[in-house]
Amino acid sequence: MTGVLQPQSFHQILVDWADTHGRHDLPWQQRPTPYSVHVSEIMLQQTQVATVIPYFERWMASFPDLQALAHATEDHVMHHWQGLGYYSRARNLQKAAQYLLEQFSAHYPRTLKQIEMIPGVGRYTAGAIVSFAYNERGPIVDGNVRRLFCRYFAIDGVPSTSAVSRKLWDYAEQYTLDTHCRAYAQSLLDMGATICTAKNPACTICPLQTSCQAYQQQRVEQLPTPKPKKQQPTKAGRFIWIEQDQQLYLEKRPAPGIWAGLWCLPQDDSTQVLEPQIQIGTFKHVFSHYKLDAEVVQASPSEDLKGQFFSRSQLDNLGLPTPIRAFISRHFN
DNA sequence: TACCCGTGGAT
DNA sequence: TATCCAAGGGT
């Protein structure tokens, strides 16, 4: 039995391990700038690396810098985010570009505190930007670090609770040195992604095995403490199909709310149906916190339509929710 | 604190 | 098929 390593040793072991076994070829690791790091970190929130890569490439080609993003149309921005989910990330990213343009003349601030004031940037993302873009000291706690630390230090309790979260950030502060900052931050993420994984962790080849407290206690599979989950409700939804002259009527979804900023079939939230309606079709969709059981019914154009009619080719340049785009592609034309 | 906010990969 | 969960932040 042995205790945990001191920060210096811990740091060196991870940096050395990552030099050989870490990831070095991800698109956002090539010539990182504050902007490219910022974009990639936002896209990577709750989203797998493989999913992000093509989105990142398209984004950087269309919005190569803060100016391009700040001046882009919202529709253009949302079209680039279509399918990634959590669409407030995209709207916040553009807000951030406008904020940085106005407040900092398109130069990212240098301090963690200032970076954390950028719309959509929290404590983790601020630390990541400082680490990856500036190669300066920026503690990070994300899902990877959470898993690694909960196991390495044998931290009990649900990580999202304030007490455990505070412990995790305390360890992050204590174990983040001011040397090899970029490599260390990346090593934490790589360890979490390839060794200290949620399922079937590769303890046998882990460079921290001998001092990992969960490993010594044979509790690797039990940590971090899983959050008790509640059953998600199923909601019924009704969407309206209005077609005229080979064009389909869509409305832009308001913020806040689901699919904010995306174009969508108008939703009918009234509970009572006055008359039998012609049904175009149905679809089901699963969100992170509820299920949607939807039907789409036909209607005729009325007076006060707030949205617009679009031809099929025009739809290609809009941001639409994934299940709505799928439904339309099955039923339009 | 608890909930809101999407989608798709992995098992 | 069901469940987990993947570089979180805002309210």
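Each chain gets a letter, A, B and so on, in the order its sequence line appears, and its residues count up from 1.
Comparing C:dA7, B:dT7, B:dG9 by their closest approach to the side chain of A:Q48 singles out B:dG9. Residue A:H285 has its side chain nearest to B:dT7 when only B:dT7, C:dA7, B:dC3 are considered. In this structure, the nucleotide among B:dC5, C:dT3, C:dA7 sitting nearest to the side chain of A:I258 is B:dC5. Here the nucleotide nearest the side chain of A:Y290, chosen from B:dC5, C:dG9, C:dA7, is B:dC5. Comparing atom distances between the A:K229 side chain and each of C:dC4, B:dA2, C:dG8 picks out C:dC4 as nearest.
Remark on DNA chain C: of its neighbouring residues A:L26 and A:V121, the 5'-side contact belongs to A:L26, judged by nearest-heavy-atom nucleotide. When each of A:K291 and A:I42 is assigned the nucleotide of DNA chain C with its nearest heavy atom, A:K291 is the one assigned upstream, toward the 5' end.
In this structure, the ring pair (Phe, Tyr, Trp, His ring centres under 6.0 Å) partners of A:F309, at least two apart in sequence or on a different chain, are A:Y249. Contacts of A:S211 classified as side-chain hydrogen bond (donor to acceptor under 3.5 Å, both in side chains), with partners at least two apart in sequence or in another chain: A:Y152. Applying the side-chain hydrogen bond (donor to acceptor under 3.5 Å, both in side chains) criterion to A:Q94, with sequence neighbours excluded, gives no partner residue.
Between the side chains of A:Q6 and A:S9, no donor N or O sits under 3.5 Å from an acceptor N or O.
Residues from residues 147-168 of chain A placing a heavy atom under 4.0 Å of any atom in DNA chain C, listed by number, are A:R147. Within residues 90-99 of chain A, no residue has any heavy atom closer than 4.0 Å to DNA chain C. For the segment residues 190-204 of chain A, no residue has any heavy atom less than 4.0 angstrom from an atom of DNA chain B.
Spacing between atom CD of A:E41 and atom P of C:dG9 amounts to 9 Å, rounded to whole angstrom units. Atoms NE2 (A:H38) and P (C:dG9) sit 10 Å apart, rounded to a whole Å. Rounded to a whole Å, the NZ atom of A:K230 is 7 Å from the C1' atom of B:dA2.
Taking only distance into account, the side chain of A:R23 meets the base of C:dA7 through a donor-acceptor pair shorter than 3.5 Å. A donor and an acceptor atom sit less than 3.5 Å apart, one in the side chain of A:T47 and one in the base of B:dG6.
Taking the C1' atoms as reference points, C:dT1 lies 16 Å from B:dG8, given to the whole Å. One P atom belongs to B:dG6, the other to C:dT3, and the distance between them is 22 Å to the nearest Å.
Ring geometry for A:Y184 versus A:F10: interplanar angle over 60°, hence perpendicular rather than tilted (30 to 60°).
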Practice task
Begin with the C-alpha distance, continue with both residues' side-chain angles, and end with the deciding distance and a verdict on salt bridge (charged side-chain N to carboxylate O under 4.0 Å, His left out) for A:D156 and A:R219.
Solution key: CA-CA 10 Å; A:D156 285 290; A:R219 292 204 296 151; 2.8 Å; yes
Handout entry: Derivation of the ring pair (Phe, Tyr, Trp, His ring centres under 6.0 Å) call for A:W263 and A:F310
Key = CA-CA 10 Å; A:W263 289 86; A:F310 296 97; 5.0 Å; yes
